[in-house]
Structures are given as C-alpha cells and as structure tokens.
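Worksheet for the structure shown next.
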2 protein chains.
Amino acid sequence: MKTQTPARTNKKQQLLDSALTLFVNQGIDATSTASIAKHAGVANGTLFHHFPSKEALVLALYKSIKQDFALQIKPFQLEANQLKQQAKQVWDQAIEWAVINADKQQFCLQVSQYHQLSSQVKAQVLAEEFGYLPLLIDFGQRHNIIANYPLQLMVDNAHGQFISSSMYLTNHPELVQDTLHREAIFEMFWKAFSL
Amino acid sequence: MKTQTPARTNKKQQLLDSALTLFVNQGIDATSTASIAKHAGVANGTLFHHFPSKEALVLALYKSIKQDFALQIKPFQLEANQLKQQAKQVWDQAIEWAVINADKQQFCLQVSQYHQLSSQVKAQVLAEEFGYLPLLIDFGQRHNIIANYPLQLMVDNAHGQFISSSMYLTNHPELVQDTLHREAIFEMFWKAFSL
DNA sequence: GTCTATAGTGCGATAGAC
DNA sequence: GTCTATCGCACTATAGAC
C-alpha cells in the first residue's frame, strides 16, 4: 500500500474537514462547493480534481465517517454470564464516539435524509456500521438472555435508541459524565431487549 | 369561524398536497417551487400568492401535518391498574397514523434535518406533538409503574423508538397486521420504561 | 495538482395584465 | 386570485494556463 505524499493528501483532507463543518452548520444542499473550497483555502477547481462531483464528496465523507465509527467499536469474545456488562461496554463506546464526534453523527443523520444519494448506497454503508450488533443479539437469544423478537426489528430499535440517546447527551453536554443519566440510557436499551 | 370558499381553499390545498408528494420523493431542496405549481396544476406565481416564500410553504405543511397527527391521538383518563393497556392504545394509535401516513411521517423526518427552518420553530411545533406522553410518564412514575429516569430523556427515547418502529413497518408493509411484530414493538417500548 | 475564469443552467421571487 | 413572463442571482462543473 503506497502512502500518498502528505501534500497530496492534505488538500483532499482539508476539503473533507471543511465540508463536514459547513454541511453540519448549513445543511448539505445549502452549502455550495465554492464555499467549501474557500473554507478549505483551496481553489474552486481543485475540489473537482479530487471529487468528480459534489455528490461524490458527500459519499466519500460519509464513508470515512462510518469507517471512523467502526474503528471505535472494539468487539468482545461473548460470554453468556457477563453479556449485559459486555453489551454496556459496546454501547458506551458507541455513545462516547457519537458525543465526542457530534458533528459527524449529525452529518450522518443529514445523509439519511439526503435524496441525492441512492437508498441502496446508504443502506450498504449503514449495514457495515453495526455488524456487531446482530451477533450480540443472536448470541443472547440462544442463551435465553435476550428476547426473541425479530432480529431486524431489534437492530432498528437499537439504532433508534442510539440516535435519540446520543442527541440527548449532545444537547445536554453537562450530563455526559452524569452516571445517573448514562446508566438510565443503557438500562432503557437493555431492558427493552432482555427477557 | 368563517369558512373560506372551497375554490379558494382548493388551490392552496392542492399546492400543499403536491408539495408533500414531491418533497418526499425528491427531497425538499431538490424540489423547485415551479415543479410544485406544475404538479398542482396551478401557475407559478399563484404559489407565491398563497405562501410568501418556499420556506413558508414548508412550515405551513409541517404544521398541518403535526396537527393532523395530534388529532389522531385520543387521550384517556389515566388509571394505575390498567396503565400498560392504556399506553398500548395510545402507542398503537401513533404507530397506526405513521404507517398509514408514511409520506407525512417521512416529510417530518426531512424537516428535522432541514436547516432553512430555525430549530426554535421546529422545537415549538414538535413540543405540541407529544404533549400527552409526559403526563403518562409522570403518572406512571408517581404510581411506581414507570422507572424514575429523567423525563426528557424518556420522551426523547420514546420518540426515537416511535420513529424506528414506524419506519420498520413502513418498510415491511406485510408485517403491519402481524400481531407478533406489533406486540414486540410495544413490548420493547414498555419494558424500557417500566420498573 | 493547483490555479483563474467562466460557461451554462435552473432557481426563487416579482411585476403587471386580467 | 390567478395567470404569463422574466429578472437577477447563485450554483455546479469545465477549460486551459502554470
């Protein structure tokens, strides 16, 4: 794997960083490619050298963020007698990432409602995100720890709770370190799923 | 309350209907005011007679939808010994509306990520939507039926589960009448909240 | 790879007749 | 209230020099 020269990577990364900032503050459609280039300190045409279109830029940013998130989640060797504790660690890692990277989390929500990207592409990227969760649910079901609801329904429910919980903490930064709130968040998730 | 002549109301309503259809299929930003007028069978300028701007049209549509939803939820005189059953009825009414009015529900999700409308305005409209839920939670907490988590956290969590559940059913229409799925959806919600 | 300059397009909103 | 016609602007993407 040949590493690109820093100079090359640099402007491309600056464009991605600026795009994220502006997208989150103004919305994707309301952010012009020209303003992204200006914010990144590069020329207008340079953006289209690195990304063939605005849509491609959005997709590249989306993929890089989902990859960043996936790296944050460190899977365990699942054990039945401490599954709840393991679930809490995974859950907390996910929440932690979303709160620290509130802008990235916000952008992902925007992308989910961005019609210029096909649902197919978005679903594909999203499926890779929570690949670990179905394993955990299936394991818990086989050991009679987790309720036998339909798998996809549970995955979607978990995703919904993840979004609402991380947004809640993002909107109330003073509560991020509050154990009462952090435990309440996980308890709701876990109780919904456990037998 | 003086009723407007049908003719007057008609074109305005046609514009709102066409806007909803096009917004959901193409996204709000990607839908031009001209295409809305054309789809509604009225002239371009007529749209700006009824709505001073595109933004005002979006807001009017949003408000009318939230009002429509609120009318669907019929509150109960809460009783401690049948609170779960009452919660299920309210929950099912909400899910029912969202599935039947999938386009309206979808549009509301788009609005939540629509930066042209101020967060303040959106929050105000949203607060009126689920006004009944805090009452139910508070009642359940005082009768030791519902867990003592922070109120706003529970409201947000319920909203998140409502969105993910209704989307799940919308994406799997054949399951809408399936009692197994319908009960699993409510059980996850209720278990998350109950003591 | 990066720049400047601009082509080409489509949009929101207005003006004014009926 | 509804129409036609159009203005002015901002945007994506390209062309071509360096």
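The basis for the numbers below is simple: all heavy atoms, side chains too, and nothing from hydrogens, waters or symmetry mates. Sequence lines set the chain letters: A, B, ... in the order given, protein chains first and strands last, and positions in each chain run from 1. Fair warning: this is a prediction, and the values are worked out from it, not measured in the lab.
Of the candidate nucleotides D:dA13, D:dT2, C:dG12, D:dT2 has the atom nearest to the side chain of B:His50. Distance from the side chain of A:Lys11 is smallest for C:dT2 among the nucleotides D:dT4, C:dT2, C:dA13. When distances run from any side-chain atom of B:Phe48 to the nucleotides C:dA5, D:dC3, C:dT14, the shortest one goes to C:dT14.
At a threshold of 4.0 Å, the pair A:Glu187-A:Lys84 counts as salt-bridged, since one of the basic side-chain nitrogens sits closer than that to a carboxylate oxygen.
Nucleotide D:dA5 holds its P atom 12 Å from the CG atom of B:Asn44, rounded to whole Å. D:dT12 atom P lies 8 Å from atom CD1 of A:Ile36, rounded to whole Å. One atom, CG of A:Leu22, and another, P of D:dC11, lie 12 Å apart when rounded to the nearest Å. Straight-line distance from the CD atom of A:Gln116 to the P atom of D:dC11: 15 Å, rounded to whole Å. Between the CD atom of B:Glu55 and the P atom of C:dC11 there is a distance of 18 Å, given to the nearest Å. Following rounding to the nearest Å, A:Gln26 (CD) and D:dA10 (P) show an atom-to-atom distance of 14 Å. Atom NZ of B:Lys54 is separated from atom C1' of D:dA10 by 14 Å (rounded to the nearest Å). With rounding to whole Å, A:Asp29 atom CG is found 12 Å from D:dC11 atom P.
Remark: B:Lys12 is positioned above the aromatic ring of B:Phe51, its terminal NZ or CZ atom under 6.0 angstrom from the ring centre and at most 45 degrees off the axis.
Residue B:His49 places no side-chain N or O under 4.0 Å from the OP1 or OP2 atom of D:dT2. Applying the 4.0 Å criterion to OP1 and OP2 of D:dG1, one finds that B:Thr46 has every side-chain N and O outside that range.
Residue-level contact check: A:Thr31 touches the backbone only, with heavy atoms under 4.0 Å from sugar-phosphate atoms and none from bases. Within the 4.0 angstrom heavy-atom criterion, only backbone atoms of the sugar-phosphate kind lie near A:Ser32; the bases stay farther away.
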Full working for side-chain contact (heavy atoms from CB on, under 4.5 Å) between A:Gln124 and A:Val121: CA-CA 5 Å; A:Gln124 191 189 334; A:Val121 172; 5.5 Å; no
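A donor-acceptor pair under 3.5 Å is formed between the side chain of A:Lys54 and the backbone N or O of A:Ile28.
A:Ile163 has its side chain within reach of A:Gln105: a pair of non-hydrogen atoms, C-beta onward, lies under 4.5 Å apart.
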